[in-house]
Each structure stands twice: as C-alpha cells, then as structure tokens.
Amino acid sequence: MLATRALSLIGKRAISTSVCLRAHGSVVKSEDYALPSYVDRRDYPLPDVAHVKLLSASQKALKEKEKADWSSLSRDEKVQLYRIQFNESFAEMNKGTNEWKTVVGLAMFFIGFTALVLIWEKSYVYGPIPHTFDRDWVAMQTKRMLDMKVNPIQGFSAKWDYNKNEWKK
C-alpha cells in the first residue's frame with residue numbers, strides 16, 4: 001500500500017506541467033513551452049493569450065466595465081483594454097526600423113577593411129610585376145608563337161595571315 005502511494009505521487013509529479021529542477025543547490029522553475037505564449041506578428045494577428053497575464057486592480061475593474069455597453073467607455077479606456085490584450089498595434093508593428101543603417105554600415109566597414117587589406121598586400125606581400133608582363137616581352141612571345149604556328153586550326157595562328165604578315169580581318 002505504501003509502495004502504490006509512493007508510485008502514484010511520483011507519477012503525478014512527473015506528469016505535472018510545472019517542472020522544478022535542481023541546479024547548483026537551488027530549485028529552478030523551468031518554462032513550459034507547451035503552453036500558448038504571446039507574440040506580436042503581422043502574419044499571426046490574434047495571439048492565443050493576452051499580452052498582460054496578471055491584471056492589476058484597475059485593469060480588473062476595466063475588464064468588468066468592458067462587459068457592459070462599449071459606448072460608455074472613453075477612448076482612453078478602450079486603448080487601455082487594447083493594451084491589455086495586445087502589446088503593439090499593426091501600425092507600430094509595420095513602422096520601419098533603423099536596422100538597415102546598421103546593416104549598410106557594417107557592410108561598408110567590411111568592404112573598407114578588405115580594401116585596406118588588399119592595399120597592404122599589394123604594398124608589402126607581393127613583389128614587383130614580372131618582366132613577362134612588359135609590352136616588349138609579350139610582343140616577342142607572340143611573334144615566337146606565330147613562328148611556331150601554335151594551334152593553327154582554330155587558335156592563335158589561325159587568325160594570322162602569313163602572306164601579308166598581319167592579323168586576318
């Protein structure tokens with residue numbers, strides 16, 4: 001009998017929705033994510049729960065007054081009722097933020113930093129430009145390739161007229 005009582009208590013404890021955990025010598029209450037929560041989203045206009053869960057005395061009185069005719073409510077009371085149910089209006093949700101300035105600023109910072117790294121590399125890492133990039137060297141190399149008739153069917157030499165000693169038109 002004692003065993004069944006102990007097991008039933010353990011079972012109830014395991015099934016309960018508010019779970020308490022021991023961490024570093026103290027009891028920590030963990031959040032139950034199975035319960036509905038409040039979110040302000042344009043694509044989900046009516047959240048499952050109200051924004052304010054624990055009402056003050058004035059808010060409770062206003063909720064009681066809400067059950068009567070709404071024409072007796074003032075504009076401020078209607079706004080207070082709205083704020084109990086919702087945190088932001090659609091206009092406040094749709095209002096633009098200045099986040100784009102941060103994104104553009106960070107992008108420009110990283111582009112500038114990359115440019116500085118490239119300038120530093122060009123100055124201190126890379127050596128001088130090789131002599132094979134000079135115009136005279138390229139002209140001599142081109143002449144040698146034409147003399148050797150490199151790739152005569154579709155390539156380099158196919159575009160050279162050997163009779164007139166000039167490029168084909």
Side-chain angles (χ1 to χ4, degrees), residues 1-135 138 151 154-156:
M1 180 110 125
L2 184 62
T4 52
R5 175 118 174 106
L7 287 175
S8 70
L9 287 174
I10 291 171
K12 287 178 186 175
R13 182 79 165 171
I15 295 174
S16 72
T17 56
S18 65
V19 179
C20 292
L21 303 172
R22 288 208 169 268
H24 304 290
S26 64
V27 176
V28 178
K29 185 111 173 164
S30 69
E31 182 96 17
D32 186 6
Y33 292 106
L35 298 175
S37 62
Y38 179 82
V39 284
D40 270 331
R41 290 177 46 175
R42 287 180 286 179
D43 59 340
Y44 192 64
L46 297 172
D48 296 330
V49 294
H51 172 62
V52 179
K53 292 182 179 90
L54 301 173
L55 299 175
S56 66
S58 63
Q59 290 172 334
K60 286 179 183 175
L62 191 59
K63 286 296 264 184
E64 285 300 318
K65 194 174 179 183
E66 174 190 26
K67 293 177 183 173
D69 189 19
W70 272 58
S71 60
S72 65
L73 294 173
S74 69
R75 185 176 187 278
D76 291 336
E77 289 173 334
K78 290 177 184 175
V79 169
Q80 286 176 351
L81 282 170
Y82 183 85
R83 291 297 176 186
I84 290 172
Q85 192 68 26
F86 303 104
N87 184 33
E88 290 183 324
S89 65
F90 270 98
E92 292 168 342
M93 279 189 267
N94 291 333
K95 186 176 73 169
T97 64
N98 289 332
E99 185 181 9
W100 69 272
K101 294 178 185 177
T102 305
V103 171
V104 170
L106 283 172
M108 291 299 167
F109 170 78
F110 285 115
I111 289 171
F113 181 73
T114 304
L116 288 175
V117 168
L118 290 174
I119 290 169
W120 176 81
E121 283 180 347
K122 187 166 173 54
S123 301
Y124 296 104
V125 175
Y126 300 131
I129 296 175
H131 69 282
T132 55
F133 282 97
D134 291 341
R135 287 190 182 270
V138 171
N151 209 355
Q154 289 183 339
F156 197 73

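If you take CG on L54 and NZ on K60, they are separated by 8.5 Å, rounding to the nearest 0.5 Å. Atom CG of residue L116 and atom CD1 of residue I111 lie 12.5 Å apart, to the nearest 0.5 angstrom. Taking CG from D48 and CG from L35, the interatomic distance works out to 11.0 Å, rounded to the nearest 0.5 Å. One finds the CD1 atom of I84 at 7.5 Å from the OG atom of S56 (value rounded to the nearest 0.5 Å). For the atom pair R42 CZ and N94 CG, the distance stands at 5.0 Å (nearest 0.5 Å). To the nearest 0.5 Å, the span separating OG on S58 from CD on E77 amounts to 10.5 Å.
Partners of F90 according to the ring pair (Phe, Tyr, Trp, His ring centres under 6.0 Å) rule, which considers only residues two or more places apart in sequence or in another chain, do not exist here. Qualifying side chain to side chain contact (heavy atoms under 4.5 Å, CB included) partners for F133, counting only residues two or more places apart in sequence or in other chains: I129, P130. The side chain to side chain donor-acceptor pair (under 3.5 Å) check on N98 picks up nothing, with sequence neighbours excluded.
By the 4.5 Å heavy-atom criterion applied to side chains, K78 and R75 are not counted as neighbours.
Although no hydrogens or angles enter the test, the distance criterion places no donor-acceptor pair under 3.5 Å between the side chain of R41 and the main chain of P45. Under the 3.5 Å distance criterion, the side-chain polar atoms of D40 are matched with a main-chain donor or acceptor of E88.
Under a 4.0 Å N-O distance rule, the pair K95/E92 does not qualify as a salt bridge.
Annotation for E121: atom CD counts as buried by contact number, over 12 foreign heavy atoms lying within 6.0 Å.
Closest approach of W120 and V125 over heavy atoms only: CZ3-CG2, 3.5 Å. Taking both residues in full, the closest heavy atoms of F86 and P47 are given as CE2-CD, 3.6 Å, listed atom of the first, atom of the second, then distance.
In the model, D76 has no side-chain atom that pairs as donor or acceptor with a side-chain atom of S74 under 3.5 Å.
By the 30° and 60° cut-offs, the orientation of the rings of F109 relative to F113 is parallel.
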